[in-house]
Amino acid sequence: MADHGYGAGFGLVWRAVLRDYRRGEGHRARARLGFLTPPEGRGRVLWIKAGGSPDALRLGVELLGAVRDRRRDLRLVMTFERDDPDLLRAVLRPWQRVGIGYGPCDRPRVVTRVLARFQPCGIILAESDPPLNLLRRTLAPVAAVGTGPAPVPVAAAWPVSGAAQRDWEMNGQAGDLLPPADPQARFAEAQADVVLRTLAGGGERRLWWWHGRAQQWPEWLTAWRGMATAADDILMASFADAGAPEEAALKVSAWDRSGLAGGSILHIDDRRWFAAAASAADAVHLADPGRAVLWQALAAGCAVTLGQEAAAATLPVPMLASNGAVVDHWRRLRGDDHQRRSLGDAARRRFWEERRQVDANLGALMDRVWTW
């Protein structure tokens, strides 16, 4: 859920500050008001400002590591709007001269306070809503990664899709416009644990993965149960929102890795299992194709179908709008290994194409950071 207390609205900011204090999060309230201190030591400060989504936080950490590897002379600050302790523990390294924590809102006086304290030599926005007051007041160069166009010039912009690239071209405020590439492709695992496939039972049993929203689940489950082999195959289900399948489903977070019986429904309630699910599945249908789950499915070389157009660039995967069409497609794939492999190979090639462009863009961005 977005925290609108990081914008410039007076009422929204102060309501968020009061909420922070009521929750015992005084450190978040003080950061929201700009009472931030850069890391100790010498060297100029580079500020990475991440947005409010888990994807933005993950991207911010990736950019932090890339800058740290390239510019050891800088002090680095990464601020975020939404914490994820598990993710940060998993991906952060014990860097020196690096500060990480909640960030400020975009109120004019707050922006002035933060800029005076940081005096940044450069700012990188990581999938953050355009902070207009910050962009108008800073004298430092700004690189916008996955950020929508703003009516203020930026040194460089990295759009995540072709549509975003066209928006930046119409906007005309990017000094350097990089080719479109989705950084989320960098986080997908090309190889994963095969335990799901091993414990599926082998033989003619198949594993299928459905990803969508909670409100789509009842109709999908009815369609799935109409598939002749549903009583023997295994269905994995995950949700783009706070959904959950029927109570009889087994949550992967509570699974003891015992064998899975035919007809089981395995709830993939932890996104860290997405790679394993994609590697095990004979096919996956993304009724709601979020970016992280999309690139992971493509990276695994899975036979992917979409229920709606994805935000990413053109993809070599079928679009199936109805549940019946998905079931029919899976029924055909069940007996056609050649088609399943062909669809998976096309998906994997598209993933590596995106990954190479992401790496090229990251290199170009670090070349620019080198000059700051």
Side-chain angles (χ1 to χ4, degrees), residues 161 181-182 184-212 220 223-224 227 229-230 232-238 240 252 260 264 266 268 271-359:
S161 66
D182 189 346
Q184 294 303 316
R186 187 177 173 87
F187 310 140
E189 298 180 38
Q191 295 182 342
D193 191 346
V194 297
V195 65
L196 283 172
R197 167 59 63 189
T198 303
L199 296 176
E204 295 299 316
R205 181 165 296 160
R206 299 284 186 264
L207 280 81
W208 313 93
W209 182 16
W210 179 91
H211 178 85
W220 162 251
W224 160 253
M227 189 169 172
T229 58
D232 187 57
D233 289 349
I234 293 170
L235 175 65
M236 298 178 288
S238 56
V252 74
L260 298 171
S264 297
L266 184 63
I268 310 297
R271 62 187 291 171
R272 289 175 294 185
W273 278 83
F274 280 2
S279 296
D282 288 85
V284 56
H285 179 67
L286 304 178
D288 187 286
R291 293 160 54 203
V293 69
L294 171 65
W295 292 116
Q296 186 56 72
L298 295 173
C302 197
V304 181
T305 55
L306 304 181
Q308 62 188 51
E309 186 176 352
T314 304
L315 300 170
V317 298
M319 186 85 63
L320 302 177
S322 71
N323 293 324
V326 177
V327 170
D328 289 341
H329 181 67
W330 285 4
R331 187 182 296 115
R332 290 191 297 271
L333 290 181
R334 204 177 191 283
D336 193 338
D337 292 339
H338 175 75
Q339 184 185 10
R340 195 168 64 248
R341 284 194 298 268
S342 178
L343 290 171
D345 290 344
R348 189 180 291 107
R349 286 193 298 270
R350 180 64 186 86
F351 161 74
W352 282 111
E353 176 186 306
E354 193 79 4
R355 173 72 74 87
R356 285 190 291 270
Q357 188 60 62
V358 170
D359 290 344

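Just so we're clear, the structure is a prediction, and the values are computed from it rather than from any experiment. Atom set for the values below is all heavy atoms of this structure, side chains included, hydrogens, waters and symmetry mates excluded.
A centroid separation of 6.0 Å or more is found between the aromatic rings of W208 and W220.
Contact check for M236 versus W210: no side-chain heavy atoms found under the 4.5 Å cut-off. Side-chain atoms of L306 and L294, non-hydrogen and from C-beta on, do get closer than 4.5 Å to each other. Annotation: side chain of H211 is in contact with side chain of F274 (closest heavy-atom distance under 4.5 Å). Side-chain contact between V293 and W209 is present, with heavy atoms from C-beta onward closer than 4.5 Å. Residues L343 and L333 meet the side-chain proximity criterion, which asks for heavy atoms closer than 4.5 Å. A heavy-atom distance below 4.5 Å is found between the side chains of L298 and V317. Contact annotation: the side chain of D282 never approaches that of R334 to less than 4.5 Å [non-hydrogen atoms, C-beta and beyond]. R350 places a side-chain heavy atom less than 4.5 Å from the side chain of E353.
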With salt bridge (Lys or Arg N to Asp or Glu O under 4.0 Å) as the test, would you mind laying out the steps for R356 and D359 before giving the verdict? CA-CA 5 Å; R356 285 190 291 270; D359 290 344; over 6 Å; no

Check the pair R341, D337 against side chain to side chain contact (heavy atoms under 4.5 Å, CB included), reporting the backbone distance first and the verdict last. CA-CA 6 Å; R341 284 194 298 268; D337 292 339; 3.5 Å; yes

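Taking CG from L207 and CG from L260, the interatomic distance works out to 7.0 Å, rounded to the nearest 0.5 Å. Put simply, OG on S238 and CG on L286 are 8.0 Å apart, with the number rounded to the nearest 0.5 Å. In this structure, CZ on R186 lies 13.0 Å from CD on Q357, to the nearest 0.5 angstrom. Between atom CZ of residue R271 and atom CZ of residue F187 there is a gap of 10.0 Å, rounded to the nearest 0.5 Å.
Using a distance-only test at 3.5 Å, with no hydrogens or angles considered, a donor-acceptor pair links the side chain of E354 to the main chain of D182. Judged by distance alone, the side chain of T229 and the main-chain N or O of D232 form no donor-acceptor pair under 3.5 Å.
Looking at every heavy atom in both residues, P289 comes nearest to Q308 through CD-CG, 3.4 Å. When all heavy atoms of A287 and G212 are compared, the closest pair comes out as CB-CA, 4.0 Å. Residue A278 comes nearest to Q296 through the heavy atom pair CB-O, 3.8 Å, listed as atom of the first residue, atom of the second, then distance. Minimum interatomic distance between T305 and H285 (heavy atoms only, all atoms of both residues): OG1-ND1, 2.8 Å. The heavy-atom pair separating A300 from S279 by the smallest distance is CB-N, 3.8 Å. For the residue pair A223 and N323, the shortest heavy atom distance occurs at CB-CB, 3.6 Å.
With sequence neighbours excluded, no residue forms a salt bridge (charged side-chain N to carboxylate O under 4.0 Å, His left out) with R349. With sequence neighbours excluded, the residues that form a side-chain hydrogen bond (donor to acceptor under 3.5 Å, both in side chains) with R331 are D328.
Ring-plane geometry between W295 and F351 is classed as tilted, the angle between the planes lying from 30 to 60 degrees on a 0 to 90 degree scale.
Classification of D233 and R206 as a salt-bridged pair fails, no side-chain N sitting under 4.0 Å from a carboxylate O.
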